[in-house]
Amino acid sequence: MALLLLEFVFVMAVVKRGLQGLYEQWSANPVVSGTLTGLTIALVLIGGLYLVALRPRRLPWCEVGLRPFPARTWGLILLWTVIALAGSILAMELTRLVGNTYANAKTEGLRANMSLVTVTVAFVSACVISPVYEEVFYRGFLYRWFRTRTGAGWAMLLSALVFAVAHWPTWNVLPVALVCGLVFAWAYERTGSVWPAVFVHGLINLVVLVSTSLA
């Protein structure tokens, strides 16, 4: 509960509504400010996870899924990526019927500040930083927490819903985040490691980054 409050009170109120504005004023570049915001959220959530859940019980990081996975899992990683992409496109096309759009502040900010440096910063943020901390927190911790109380099916749904809502204020990606959250939880449930979900997450974000850059 304390970690959910950390996410939905401190991160949303302090980081996204406060610090992000300061980052935007300082950098004058939405991609850079977004990356700094993501890095701050990563430090807050992973630091909170360590201080609240792991350190008091002297638990190792493998308890939140940071463990190796078999080489044969790479085939499944590609399969999960295709499923997540197909499901995301379907979700976006269906929600476009009620007014949803593909464009948002992040994609528009990248297009308006296109350069090698900006694309590199966006890659590090979207394909490295976000997949690692989000999978450790939302799958390694939150999904596992729900699973011990509700079972795998409900845990997948609940953790995916929390993951989707946590993307506020970029509401148009909520359908994609929900679909991907389900696939990421499936990957974690199947392997017991967050790394397959990290790779799937990173590949999905890479596809979005490349398509946005080339649009």
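Taking the side chain as every heavy atom from C-beta outward, L203 and V207 never approach each other to under 4.5 Å. In this structure the side chain of L49 reaches within 4.5 angstrom of the side chain of W61, judged on heavy atoms. Looking only at side-chain heavy atoms (C-beta outward), Q20 and V15 stay at 4.5 Å or farther from each other. Side-chain contact between E189 and Y143 is present, with at least one heavy-atom pair separated by less than 4.5 Å. Between R190 and W80, the closest side-chain pair of non-hydrogen atoms falls below 4.5 Å. Within the 4.5 Å cutoff, no side-chain heavy atoms of L174 are placed close to those of W168. With contacts defined as side-chain heavy-atom distances shorter than 4.5 Å, the pair F146/L157 does not qualify. Contact annotation: the side chain of W195 approaches that of L66 to within less than 4.5 Å [non-hydrogen atoms, C-beta and beyond].
Using a distance-only test at 3.5 Å, with no hydrogens or angles considered, a donor-acceptor pair links the side chain of N100 to the main chain of N172. In this structure a side-chain-to-backbone donor-acceptor pair under 3.5 Å is present from S115 to T118. A donor-acceptor pair is defined here as one N or O able to donate and one able to accept, closer than 3.5 Å; no such pair exists between the side chain of R144 and the backbone of V64. For S193 (side chain) and R67 (main-chain N/O), a donor-acceptor pair under 3.5 Å exists by modelled atom type. The main-chain N or O of L54 is never found under 3.5 Å from a side-chain atom of R58 such that the two would form a donor-acceptor pair. Checking side-chain atoms of T73 against main-chain N and O of F69 turns up no donor-acceptor pair under 3.5 Å.
Note that the CG atom of L142 and the CG atom of L161 stand 10.5 Å from one another [nearest 0.5 Å]. To the nearest 0.5 Å, the span separating CG on L94 from CD1 on I89 amounts to 12.0 Å. One finds the CG atom of L90 at 8.5 Å from the CD atom of E93 (value rounded to the nearest 0.5 Å). The CG atom of L45 lies 5.5 Å from the CG atom of L6; values are rounded to the nearest 0.5 Å. Interatomic distance, Y188 OH to S159 OG, rounded to the nearest 0.5 Å: 11.0 Å. Taken from CG in N29 to CD in E24, the straight-line distance is 10.0 Å, to the nearest 0.5 Å.
The two residues V52 and R57 come nearest to each other via the heavy atoms O-NH1, 3.3 Å. Taking both residues in full, the closest heavy atoms of A91 and P175 are given as CB-CB, 3.9 Å, listed atom of the first, atom of the second, then distance. Here the closest heavy-atom approach between residue A185 and residue M156 is recorded as CB-CG, 3.8 Å. Scanning both residues, A155 and T150, for their nearest heavy atoms gives N-OG1, 3.4 Å. The minimum heavy-atom distance between G181 and A160, with the atom names listed, is C-CB, 3.7 Å. Listed here is the closest heavy atom pair of A166 and K16: O-NZ, 2.5 Å.
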Run T40 and T37 through side-chain hydrogen bond (donor to acceptor under 3.5 Å, both in side chains) and show every step you take.
CA-CA 5 Å; T40 302; T37 300; over 6 Å; no

Show, in sequence, the C-alpha distance, side-chain angles and deciding distance for V32 and Y23, and conclude whether the side-chain contact (heavy atoms from CB on, under 4.5 Å) test is met.
CA-CA 8 Å; V32 173; Y23 291 150; over 6 Å; no

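With a 6.0 Å radius and a threshold of 12 heavy atoms from other residues, nucleotides or ligands, W171 has its CH2 atom above the threshold. In the displayed structure, R72 atom CZ is contacted under 6.0 Å by at most 12 heavy atoms of other residues, nucleotides or ligands.
A tilted orientation is assigned to the rings of F137 and F141, their planes being inclined by 30° to 60°.
Taken together through direct or relayed side-chain contacts under 4.5 Å among Ile, Leu, Val, Met, Phe, Trp and Tyr, V200 and V173 form parts of separate hydrophobic clusters. L4 and V136 fall within the same hydrophobic cluster, where Ile, Leu, Val, Met, Phe, Trp and Tyr residues are linked whenever their side-chain heavy atoms come under 4.5 Å apart, directly or through other members. Side-chain heavy atoms closer than 4.5 Å link hydrophobic residues (I, L, V, M, F, W, Y) into clusters, and following such links, even through other members, never connects V179 to Y138. Under the 4.5 Å side-chain heavy-atom criterion for ILVMFWY residues, a single connected hydrophobic cluster contains both L22 and I41. Under the 4.5 Å side-chain heavy-atom criterion for ILVMFWY residues, no single connected hydrophobic cluster contains both V183 and V208.
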For residues 121-135, dump all side-chain donor-acceptor pairs below 3.5 Å to protein atoms at least two apart in sequence or in another chain.
unit_1	atom_1	unit_2	atom_2	d
S130	OG	S125	O	3.1
E134	OE1	H201	NE2	3.3
E135	OE1	R139	NE	2.8
E135	OE1	R139	NH2	3.3
E135	OE2	R139	NH2	2.8
E135	OE2	H201	ND1	2.7

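Here W74 and F199 bring their ring centres to under 6.0 angstrom of each other.
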